[in-house]
Number of protein chains: 2
Amino acid sequence: MAAPKETSTDLAAPKTPKGGETRARILETALDLFRERGYEETTMRAIAEGAGVSLGNAYYYFKSKEHLIQAFYGRTHQEHLEASAPILASQSAFKARLLGVMNAKLATIEPYHRFAGILFKSAADPESPLHPFSKESGPVRDEATALMREVVDGSTIKLPDDLRAELPRLLWLYHMGVILFWIHDTSPKRQRTRKLLEMSVELIARGVGIAGNPLMRPVRRAALRMLEEIK
Amino acid sequence: MAAPKETSTDLAAPKTPKGGETRARILETALDLFRERGYEETTMRAIAEGAGVSLGNAYYYFKSKEHLIQAFYGRTHQEHLEASAPILASQSAFKARLLGVMNAKLATIEPYHRFAGILFKSAADPESPLHPFSKESGPVRDEATALMREVVDGSTIKLPDDLRAELPRLLWLYHMGVILFWIHDTSPKRQRTRKLLEMSVELIARGVGIAGNPLMRPVRRAALRMLEEIK
DNA sequence: ACCGTTATTTGAACACGTTCAAATTCTTCT
DNA sequence: AGAAGAATTTGAACGTGTTCAAATAACGGT
């Protein structure tokens, strides 16, 4: 397993072994507290104290409280990649691959359900470094899209080339939508999200099949042209 | 035109004429400042000062800074309703009605583009009173969905009943998506959003047509069943 | 081993959102 | 008109995220 290199999005990279340790300690403490108490309830002072550093020191490594979330983002993505690997290695059907990868995602983030809301809180704030389309989120977003490309291209599904090229981005969007739903899902064991996943993956598979039909070509072209427009 | 009754979502309803004036003054000042400087840059103290009241007084009428947004939400929705009326009265084609209503929406919120980001910032925070699925947003959401139902039912489009029943909710979701895009759109005159609107409305019309095809019945049923599941 | 430079760490300060008990004003009833 | 009660308004206080100048520690070259 490759060293779980932190994403490049965190601003103050430590330039000394000791600095690295301090930084890791802060992040670890923060994620623990977030998991236990939630985001709003966790104060920067508590994080600093828990990590055994001064308040200002925490800000030396993380530009803001939000940037701690960014780090969390990168970390769970890494875990998701690792959890997805066996599925992608063993499954060849598109539906199974997509379902497996999505389930892996939910399993990865489940421990953080209480505080995950905040992760997307800034999704629509163009000023925030956090929103999924921001430059700072770029690397993680690209990797996540690449994962979806792997889901598609590693499968046995037959697809017109234009759709094949664009589908990963669409699946990434879909995956964001599912997470949005998951955040609001308080049913036991996230049953509702599981149900949604099951049904939506089935629908996507069917929809993709239909979209591949030659009769659909004009519509498909129009849709893809629109996606091109807004990229 | 009915009195532009404020939505019921703001907690401290004034019980005296004078109270009503104060409340209105605060809201007016807040929206002005939001428009001029943006949300984060506007402080509650500045709002209070601008409205000529004390800081605590502002909190007597608005439970929090976020609740001022809720009020904004209700207000622009009212304006949108009014701007939509002539379109709904004059157009009968589904496409024209949808496009008209969506354009009206964008025109209504355009002055607030700078600060609208914040409006959706809490879209994914289940704790926030602001997110579109919250109880406090319920009334506005229902009214907006009703508007979409009016778009559909007042048009000449032919639709299977099951789809007709669900389509308004889908269009509401679509409308949220467009706004999300609009928030991030910094192109001159929001050209990119306009382009997206044009193309997406066209696609929706086509898609709805296709979905109505008898051959699509099984897929449509599956899709609607899923929507039922997650309602 | 020393010194300049760079990296890290500190603690105090600031501005902001929010709360609340107390003061004031308004309304209503007699 | 006056008193009791309700609605409104105030201002000070608290806790939070964030900033920053200054102090300390680590490093690299000589």
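These numbers come from a predicted model, not from an experiment. Letters A, B, ... are given to chains in the order of the sequence lines, protein chains preceding strands, and every chain is numbered from 1.
Nearer the 5' end of DNA chain C, as judged by each residue's closest nucleotide, is the contact made by A/Arg25, out of B/Met44 and A/Arg25. Each of A/Val53 and B/Lys65 has a nearest nucleotide on DNA chain C; the 5'-most of these lies closest to A/Val53.
Going from atom CD of A/Glu41 over to atom P of D/dG15 covers 16 Å, rounded to whole Å. In this structure, A/Glu21 places its CD atom 15 Å from C1' of D/dA25, rounding to the nearest Å. Atom CD of A/Glu66 is separated from atom C1' of D/dT16 by 15 Å (rounded to the nearest Å). Distance CD1 (A/Ile47) to C1' (D/dT18): 13 Å, rounded to an integer number of Å. Residue A/Phe62 contributes atom CZ, which lies 18 Å from atom C1' of D/dT19 at whole-angstrom precision. When rounded to the nearest whole Å, the span between CZ of A/Arg23 and C1' of C/dT9 equals 16 Å. D/dT18 atom C1' lies 18 Å from atom OH of A/Tyr61, rounded to whole Å. Separating the CD atom of B/Glu49 from the P atom of C/dA15 is a distance of 14 Å, rounded to the nearest angstrom.
Side-chain contact annotation: B/Tyr174 with B/Ser200, donor-acceptor N/O pair under 3.5 Å present.
Contact annotation: A/Ser64 does not reach the phosphate of D/dG17 (side-chain N/O to OP1 or OP2, under 4.0 Å). Remark: B/Asn57 is not in phosphate contact with D/dT8, judged by side-chain N or O atoms under 4.0 Å from OP1 or OP2. In terms of phosphate contacts, B/Tyr59 brings no side-chain nitrogen or oxygen within less than 4.0 Å of OP1 or OP2 of D/dT10. The side chain of B/Tyr60 places no N or O atom within less than 4.0 Å of a non-bridging phosphate oxygen (OP1 or OP2) of D/dT10. Put simply, A/Thr43 has a side-chain N or O that comes within less than 4.0 Å of OP1 or OP2 on D/dG17. Of the side-chain N and O atoms in A/Lys18, none sit less than 4.0 angstrom from OP1 or OP2 of C/dT8.
No donor-acceptor contact under 3.5 Å links the side chain of A/Arg45 to the base of D/dG15.
Geometrically, B/Lys65 does not engage B/Tyr59 in a cation-pi contact defined by less than 6.0 Å to the ring centre and at most 45° from the axis.
Between A/Tyr112 and A/Phe72, a ring centre-to-centre spacing shorter than 6.0 Å is recorded.
Of the candidates D/dT8, C/dA12, C/dT9, the closest approach to any side-chain atom of A/Leu55 belongs to C/dA12.
For B/Arg192 and A/Glu229, the salt-bridge test fails: no basic side-chain N is under 4.0 Å from an acidic carboxylate O.
Note: A/His80 and A/His175 have parallel aromatic rings, judged against thresholds of 30 and 60 degrees for the angle between ring planes.
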